[in-house]
Structures are given as structure tokens and as C-alpha cells.
Amino acid sequence: SLEKEGIFSLCWLGPGATPAGDDYISGWITAHKRIFGIKSPEISAFYLKWKPASTTWLSGWIIRDALDGKIWSRGKKILEALDGDSSSQLQEALSAVLSWGHTSGLAWLAGLRDGIK
């Protein structure tokens, strides 16, 4: 279970070049870094356990970018829209993320949401 194994248990979960579990992790890391900064104990625990070889090459880079505080453009637009007060800007950003891959955008948003909780 996620409670027992932690976020690491989602690595490489699902098909594709960026499995949904990895996309979720990337969104979760983005939220944690945004809210708690580098000192998040959850991020530190994940960083110590995670190995890039535990997933696909592309997902490995996406997760590394998230750990380094880098946000891909669609995710960055979501965060900018959340900081603003324009519902149309948020709607556009959400639409762009949801059109990201087969399940990537939805999984990333789920991770972002859970990371904010």
C-alpha cells in the first residue's frame, strides 16, 4: 500500500514511456517542493531511495527535473494560474495539462493535488 511503501511504490506503475505512477510522482514532488521547499522530509526520503534505473529513461529525467525544482512548461503554467486570479488562465492551463499524453497529464495533476494535501 502507498501508506506502507511510500511514494516510491508508484515507480514504473503503468505502461508507456512515462508510466502514470511516475507522472504522479513528478506532480507530487512539484507540489511538495512548492509548498515545503527543499526541506520536505518526504522528498528527502524519496530522493534517498529512488534510483533512475527504477523506471524508463524519459520518466527518470522527468523525476530528476522535479527533484531539482525544474518544472515542465505545462506544469509551470498550472502553478502560475494557481498563483493568479484568472479562472480562464487556470482553465487553459488545466486543458493543456490534460492533453499531455494518454494519461500523463491526469496522473501529474493527481500527484500535484495529493502533494498539496
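Between Tyr24 and Leu112 the shortest side-chain heavy-atom distance does not fall below 4.5 Å. In this structure the side chain of Leu79 reaches within 4.5 angstrom of the side chain of Arg34, judged on heavy atoms. Proximity of His32 to Phe46: side-chain heavy atoms (C-beta onward) are nowhere separated by under 4.5 Å. Side-chain contact check for Leu67 versus Trp50: some heavy-atom pair is nearer than 4.5 Å.
Note that the CZ atom of Arg113 and the CH2 atom of Trp28 stand 14.0 Å from one another [nearest 0.5 Å]. We find the CG-CD1 distance between Asp68 and Ile29 to be 10.0 Å, quoted to the nearest 0.5 Å. Expressed to the nearest 0.5 Å, how far CD of Gln89 lies from CG of Leu94 amounts to 10.5 Å. The CG atom of Asp65 lies 10.5 Å from the CD1 atom of Ile71; values are rounded to the nearest 0.5 Å. Expressed to the nearest 0.5 Å, how far CH2 of Trp57 lies from CD1 of Ile62 amounts to 9.0 Å.
The shortest heavy-atom contact between Leu58 and Ala17 is CB-O, 3.9 Å. Residues Ser54 and Cys11 come closest through the heavy atom pair OG-SG, 4.0 Å. Residues Ile116 and Ile35 share a closest heavy-atom pair of CA-CD1, 3.5 Å.
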List the steps and the verdict of side chain to side chain donor-acceptor pair (under 3.5 Å) for Trp12 and Asp22. CA-CA 6 Å; Trp12 212 335; Asp22 297 335; 5.8 Å; no

Applying side chain to side chain donor-acceptor pair (under 3.5 Å), run through Thr18 and Ser104 and close with a yes or a no. CA-CA 7 Å; Thr18 63; Ser104 292; 2.9 Å; yes

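Using cut-offs of 30° and 60° for the angle between ring planes, the Trp108 and Trp100 rings count as tilted.
Annotation: side chain to side chain donor-acceptor pair (under 3.5 Å) contacts of Ser86 (sequence neighbours excluded): Ser88.
Within 6.0 Å of atom CD in Gln91, 12 or fewer heavy atoms from other residues, nucleotides or ligands are found, so the atom counts as exposed in its surroundings. Around CG of Asp83, the count of heavy atoms belonging to other residues, nucleotides or ligands within 6.0 Å exceeds 12. More than 12 heavy atoms of other residues, nucleotides or ligands shown are found within 6.0 angstrom of CZ on Phe36.
At least one donor-acceptor pair under 3.5 Å links the side chain of Ser44 to the backbone N or O of Ser40. Distance alone, capped at 3.5 Å, is enough to place a donor-acceptor pair between the Thr30 side chain and the Ser26 backbone. Although no hydrogens or angles enter the test, the distance criterion places no donor-acceptor pair under 3.5 Å between the side chain of Lys33 and the main chain of Ala66.
Partner of Pro19 under the side-chain contact (heavy atoms from CB on, under 4.5 Å) criterion, chosen from Leu13, Thr103, Thr56, Ile25: Thr56.
Taking the ring centre of Trp61 as origin, the terminal cationic atom of Arg64 falls inside the region bounded by 6.0 Å and 45° from the ring axis.
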